[in-house]
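Below: one structure, written as structure tokens.
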Amino acid sequence: MTKSRIEARFAALKAQDRAAFVAYVMAGDPDRATSLEILKGLPAAGADLIELGFPFSDPMAEGPPIQKAAQRALKDGMTLKGVLDLAAEFRQGDDATPLIMMGYLNPLVTWGFEAFAQAAAQAGIDGLIIVDCPPEEADPLADALDAADISLIRLATPTTDDKRLPVVLRRTSGFVYYVSVTGVTGAKEADAEAVRPAVARIRAASGLPVAVGFGIRTPERAGAIAQVADAAVVGSALVDEVAEALAMNEDVTGRVLSKVRALAEAVRRARTSLPA
Amino acid sequence: MNAPTPPATPNDFAAYPDAQGRFGQFGGRYVAETLMPLVLDLEAAYLATREDAAFQAELSGLLTHYVGRPSPLYFAERLTEHFGGAKIYFKREDLNHTGAHKINNCIGQILLARKMGKTRIIAETGAGQHGVATATVCARFGLPCVVYMGAVDVERQKPNVFRMNLLGAEVTPVTSGASTLKDAMNEALRDWVTNVEDTYYLIGSAAGPHPYPMMVRDFQAIMGREIRDQILEAEGRLPDAVVACVGGGSNAIGTFHPFLNDESVRIIGVEAAGDGMGTDRHAAAINGGRPGVLHGNKTYLLQDAEGQITEAHSISAGLDYPGIGPEHSWLHDVGRAQYLTATDIEALDAFKLCAELEGIIPALESSHAIARLPDIAREVGKGGVVVMNLSGRGDKDVATVADHLGRTI
């Protein structure tokens, strides 16, 4: 019952009255061994959920940081099967932290939805976010994931009005990912006050936790978002640490996990600093 | 003198896409959620223009007086004689304003953008032809225009970059990926997802998310409708075959569509085979790819075993794209159209032959279609009629051709 990892984690955090910190890393970036080391270190550094990016040659919704991360991973030979192998190795040491794969549809089309979903479930994947698969196109993939007990996490955005929200939320489970800005990953900054009503609206309509991402780079911003949402997602700022560590010839894993610690700490502090 | 619209029967090839924007399994709307409301709005706005007499009148007036339509249907007498088979006719899209068929679609979409109240236009371009056509209509209607162009293409198509600048457009070189057309399209989509309120994305190919493949086809189908009328007048009958080169496939689908339900008319597209189909350096999505999802639609794509998109290669920058419009993928699968290939060398030979025998310098894109004409003319045979879309003029290609001939100009 893989779905229960997501539910269990959000239930536990709710009991602690705090938001989740979700860390996005690109599988295979900058190489397989380092990527596995980062992955294994994420929970202890404070990641409550992990988004595991799988690389695609043409990531049309990503800004330069994640584009480059995907290119590093592909250059090192990362494959979709390789991503599942990483997940399975991670699962040997951690059976509680939800693992959400995030990427684009074509590699899954190539594998075949049913076969991929079964393999992903075997590897311990809990959910999937597919950027270029809106609800209108999602049924074949959703059918395959349902059969494997994997959540298809849906994206809501600032352009999702009341008329469209039910379409977006149909067949969703796990949590809803709110894309807090119009734009690509890592480009604009999310405004917590603008995000607050959107999160409330989506939470009410879905009955699910709402994670916010696409515009969070700093601990301050993560803390502000954690006050209004059920989870704060950081991706570009983490893969930037990989790029910078490589450029400075520093310890990649150390830099990424240190950034994760700072962000997670800010998220943990966020609610208790609020007046009740 | 257009024929009445045929009834929608299961055998009606012209009745696609369906309400979900699908041509069989191909097409669809594979875009980020942020863009979904925009493509749905675009579809509604476009469908409304079909019934809008004022819109159609303005479109028609511009096509006549600004573009120069109808373009002639020209009997290529000396090539016909040279090939020794069916009579060859050229649809002279090279004579349009801006020198190619691209302007037909740009005029239609710029009117739509204005009607939708959009105030900023973005486009992608490979060789620069669609970029120039977009910059042209933006100048004509006083709208700011940003054209995304791969940095590699910016370097090899400098005259077109300058033309766009003269027309007031900002050309943004794209350095992500391999810095060519597919990367320019990624970057245009990234711009659109960022500027959702005011920006209209003017796609130049019959590709991308629904409604683009349908809409671009419809704006380009004026070519096929004119061919129908013109060939009936010239020959008193329909052609035995219509032929066009295919990259994304807008000139081809615009030529083919009005003939889809005429069983007697063979429909032939010609893909770019680059260095040859035995190599991995070509741009033939149907002949050398398999179905997948990219840039908002499901279609045949050049890709590796992992589903990563691979680079296309063609001497013709306008055909240098790893995908193809979804309607072509479907016409191929259902067997209504046939897709052949021509290599760089065959296209160059055809380019020279056309210049020497007809006094027409064709675009390298169109030269791919010319390259297959000898076989097609022979198969159709004497007494038959073949119409080929000469989709653009080759002035833009003279430097490339000189380079391949080892000449300096």
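All chains are named by letter (A, B, ...) in the order of the sequence lines, taking the proteins before the strands, and each is independently numbered beginning at 1.
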Segment of B:Leu294 engaging chain A (4.5 angstrom heavy-atom cut-off):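 Just its side chain gets close to chain A.
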Side chain / backbone / both / neither for B:Ala188 at chain A, heavy atoms under 4.5 Å: neither
Taking side chain as everything from C-beta outward and backbone as N, CA, C, O, which of these in [X] sits under 4.5 Å from a heavy atom of chain B? Side chain, backbone, both or neither.
{"X": "A:Leu108", "result": "neither"}
{"X": "A:Val168", "result": "side chain"}
{"X": "A:Leu105", "result": "side chain"}
{"X": "A:Lys163", "result": "neither"}
{"X": "A:Pro64", "result": "neither"}

Which one of [options] has the most heavy-atom pairs closer than 4.5 Å to chain A?
{"options": "B:Asp183, B:Thr194, B:Asp191, B:Leu40", "result": "B:Thr194"}
{"options": "B:Gln303, B:Met36, B:His295", "result": "B:Met36"}
{"options": "B:Val31, B:Leu189, B:Thr310", "result": "B:Val31"}

Residues B:Glu33 and A:Arg154 bridged, charged N to O under 4.0 Å: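 Salt bridge flag = no for A:Arg154 with B:Glu33.
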Electrostatic pair A:Asp76:A:Arg72 at N-O distance under 4.0 angstrom: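 Looking at A:Asp76 and A:Arg72, the cut-off is not met.
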Parallel, tilted or perpendicular: rings of A:Phe214 and A:Tyr177 (30°, 60°): perpendicular
Side chain to side chain donor-acceptor pair (under 3.5 Å) evaluation trace for B:Asp333 with B:Tyr300: CA-CA 10 Å; B:Asp333 272 16; B:Tyr300 276 84; 2.6 Å; yes
Minimum side-chain heavy-atom gap B:Asn195-B:Lys118 below 4.5 Å: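 Not touching, per the 4.5 Å side-chain cut-off.
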Distance-only donor-acceptor check, side chains A:Glu62 and A:Tyr104, under 3.5 Å: yes
Exercise: do A:Lys188 and A:Thr182 side chains pair donor with acceptor under 3.5 Å: yes
